[in-house]
Amino acid sequence: MRGRVMRGRALCVLAAGAVAGLLFAPVFGLWALAPPIAAVLVACYAVVELCARVPALLPVRPVLALVAGAVALVEVSLFRTTFHGLPTAASLRALAAGVTDSWQLTLQSTWPVRPDAELLLFVPLLVLLTAVLGVELLRWPAVAVTPSLALLALSQAFVAVSGAVAVLVAFGYALVAACLLASWARSAVVPTVALCLVAGVAVAAVDPGPAFSLRRTQAAHAPLPRTTSPLGEVAARLSDPDAEVFSYTGDAPVDRWRLVVLDGFDGVTWTPADRYRRLGVGIGPPAGVTVPTESHSARLTVPGDGPWVPSQAMPASVDGIAPLVDEATGALLSPGRTGRVEYDLRWWEPRVDPDRLRDAGVSAEFAPGDLGIVPPRVAELAREATGGARPTFRSALVLEQYLSREYKVATGEPLPTGSGWPQLREFLFDAKRGTSEQFAAAYVVLARIVGIPARLAVGYRAPTPAPDGRVVVRNRDVLAWPEVAVAGVGWVPLDPAGGAGGAAAARSGLAQVTAAARADLPPPQDELPDPPLPADEPVPTPGPDIDFRELAAWAALGLVALLALGLVAIPAAKVVRTWRRRRLTGPRGVVAAWWEVRDRLRAHGTRVTPGMTPRDLAAVSEGPVADTLHRLAHRLDAALWSGAGADDGDVAAAWEAVREVRLALARRPVGARLKAVFAVR
């Protein structure tokens, strides 16, 4: 009997650990977590069963459970590190990395995380530790549940559940905890379930704002490797135009491919931001993009080496390689790449009509950016190039048009290089010829001076596809271009060098829309009209200070809470009352049994007045209940009036009458019994 109880408690502890571990599902996916968690828990229970059959092993049970769980985890998640199924030194190193590194790698990744073993190992390892501690603490069931409760809290620090999921989790955890406590103290079950359910309802109904998240509060960007900037290679690549860089086939035309985006400028060099994360299963469009988006995909083959691989502005997913991604720019980084790679890229592209794009304002989400020490006359040139118009996408197009009209694309040798202030001043005021490097860098600094948020991207222009749909990108297609942040649309690429050099027509949707907006600009000699200002926000009508919607919501929440409390509090109060009565001894114990019978009959609808005796109540009762009340009346008279009092046997006999009444009432219809459970008295 005792062994069966202990096994039941052990199963409850393991189930509590499973619930807490599976709460990491929003990070890794449910089906990625289930096998390793199940493996460690099955191994742990096997050890519990073994030690129950062989008591001599009890002193080493925690060690056996840890070893068995680790072996099971190796077989399920790290089989590639084994030798014919046997763990090796590599398996031990992987487990050690699971303890020290995997949680950090998870914080360095976009979510949902790729279900790789090196990232998710810390979850089944924590579940194993929780299970071992819980089993060893089973002597105190209320304490045994605390390790799984701590793991549950940790899972919420990674990603907090809310809404109906929170209620379901609370219900599931309450059920497991109640089963564990039921074998210890039945009176603790109802309060446990009540607290968990009320907590779940409160979490689901109350919106306390953004939940705490380790991912947001812990800076866990992957380190950026040292490498040569693609911006400095523009002139060198143009000197060897026929060299193949990469090829691709796609389901839609592409205008350009990006390698890196440089948004830092100190007056000398352009630098990318160090904000790369490991790319997870997939990412959605940026939060600032409010226009509709559509999905495109392509398969790319990239020979050679180098950390950056071609990408698009809003990558959604990558299959074939596991790159780092800068979500703000879409740049993909594959550190340590030394040879040819093939991968499938899926990305988002915004859909917007030319009129809306032309009249759009610049995004207030981004600051214009750093400029270093601006040389004289450059600010005056920026205002001249934009006609003194306020910063909008239309003025951004006018600035692009100005550079395309007033400057020339350099051809032949030597090609100008460099994009710091000395080279830009030479380009803007003296030579007035340059490669796309000088065009893009000059555009960005002039745009930032007049308040337009802009950044510099480096990559390749997409050439014409072959008849079979394959597109080969060569060195001659290298391109640097500026991008401006447009409200609701995101970063829109421009091409001042293409306008100056007579580039081919745009191919992709956003590039074609930009070209249409560009074609609708007024002639350069005309004054640039400012786009219409957005309509004023409607002024709310003054009203009472009371927010009736909020008040109604709180009232509804209060009713739900009261209902939940009523459903559990009334039965709980009766259980506590009965428990306290059963602790009484002597004549008081017999009287307590009479009170218990009286209250149970009253809950089932029997009319009971304050002065009624057991015999009075027997007179209005029927069948076996009446007989039981007559016997109880005899014992009550003997205990109170005979002078002999009542011993434990008398008390037990009185409570036997309670049991007989309870069994008789249990034969009543279900509806009547439910009504009796929630009767207030």
Side-chain angles (χ1 to χ4, degrees), residues 2-25 28 33-78 81-82 87 91-103 106 117 120-158 172-173 175-184:
R2 177 176 173 78
R4 188 165 65 246
V5 171
M6 288 302 294
R7 290 187 182 93
R9 289 179 178 179
L11 286 174
C12 291
V13 166
L14 300 182
V19 171
L22 291 177
L23 281 178
F24 285 90
F28 299 100
L33 284 175
I37 289 178
V40 298
L41 293 181
V42 169
C44 193
Y45 181 75
V47 171
V48 171
E49 192 69 29
L50 174 65
C51 293
R53 297 175 184 273
V54 185
L57 294 177
L58 279 175
V60 295
R61 184 171 63 184
V63 176
L64 289 177
L66 287 173
V67 172
V71 171
L73 185 57
V74 169
E75 298 299 325
V76 172
S77 299
L78 300 172
T81 66
T82 64
S91 304
L92 297 178
R93 288 195 295 271
L95 287 175
V99 175
T100 58
D101 299 339
S102 65
W103 65 275
T106 298
L120 62 78
L121 272 181
F122 78 99
V123 177
L125 286 173
L126 284 174
V127 172
L128 175 60
L129 180 62
T130 298
V132 172
L133 290 176
V135 169
E136 296 309 313
L137 294 171
L138 277 179
R139 183 180 302 174
W140 308 280
V143 180
V145 80
T146 55
S148 62
L149 197 59
L151 180 58
L152 189 147
L154 178 63
S155 70
Q156 298 310 287
F158 270 76
Y173 193 83
L175 185 63
V176 173
C179 291
L180 175 62
L181 297 177
S183 60
W184 172 59

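- When all heavy atoms are compared, the tightest approach of Pro36 to Leu120 is CG-CD1, 4.3 Å.
- Side chain of Thr130 to main chain of Gly17: no donor-acceptor pair is present (N/O by atom type, distance under 3.5 Å, no hydrogens or angles).
- Of all the heavy atoms in Ala18 and Leu41, the pair that sits closest is CB-CD1, 3.5 Å.
- Between atom CG of residue Leu125 and atom CG of residue Leu66 there is a gap of 10.0 Å, rounded to the nearest 0.5 Å.
- Taking the side chain as every heavy atom from C-beta outward, Tyr173 and Val145 approach each other to under 4.5 Å.
- Inter-residue side-chain proximity for Phe158 and Leu23 is flagged as unmet; no heavy-atom pair is nearer than 4.5 Å.
- To the nearest 0.5 Å, atom CG of residue Leu137 and atom OG1 of residue Thr146 are 6.0 Å apart.
- The side-chain heavy atoms of Ser91 and Thr82, taken from C-beta on, include a pair separated by under 4.5 Å.
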ask   = Does the side-chain contact (heavy atoms from CB on, under 4.5 Å) test come out yes or no for Leu121 and Leu78, once each step is laid out?
value = CA-CA 9 Å; Leu121 272 181; Leu78 300 172; 4.0 Å; yes
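- The distance from atom CG of Leu22 to atom CG of Leu152, rounded to the nearest 0.5 Å, is 11.0 Å.
- Taking all atoms of both residues into account, the shortest heavy-atom contact from Gly21 to Val123 is O-CG1, 3.8 Å.
- In this structure, the separation between CG on Leu73 and CG on Leu128 is 8.0 Å, given to the nearest 0.5 Å.
- Contact check for Tyr45 versus Val13: no side-chain heavy atoms found under the 4.5 Å cut-off.
- Side chains of Phe28 and Thr106 form a contact here, defined as non-hydrogen atoms less than 4.5 Å apart.
- Contact between Ala10 and Val48 at its shortest, heavy atoms only, is CB-CG1, 4.1 Å.
- When every heavy atom of Leu133 is checked against every heavy atom of Pro147, the shortest pair comes out as CB-CG, 3.9 Å.
- Residues Pro59 and Pro55 approach most closely at CD-O, 4.1 Å, considering heavy atoms.
- Interatomic distance, Phe24 CZ to Ile37 CD1, rounded to the nearest 0.5 Å: 8.5 Å.
- Looking at heavy atoms from C-beta onward, Val71 lies out of side-chain contact with Val74 at the 4.5 angstrom threshold.
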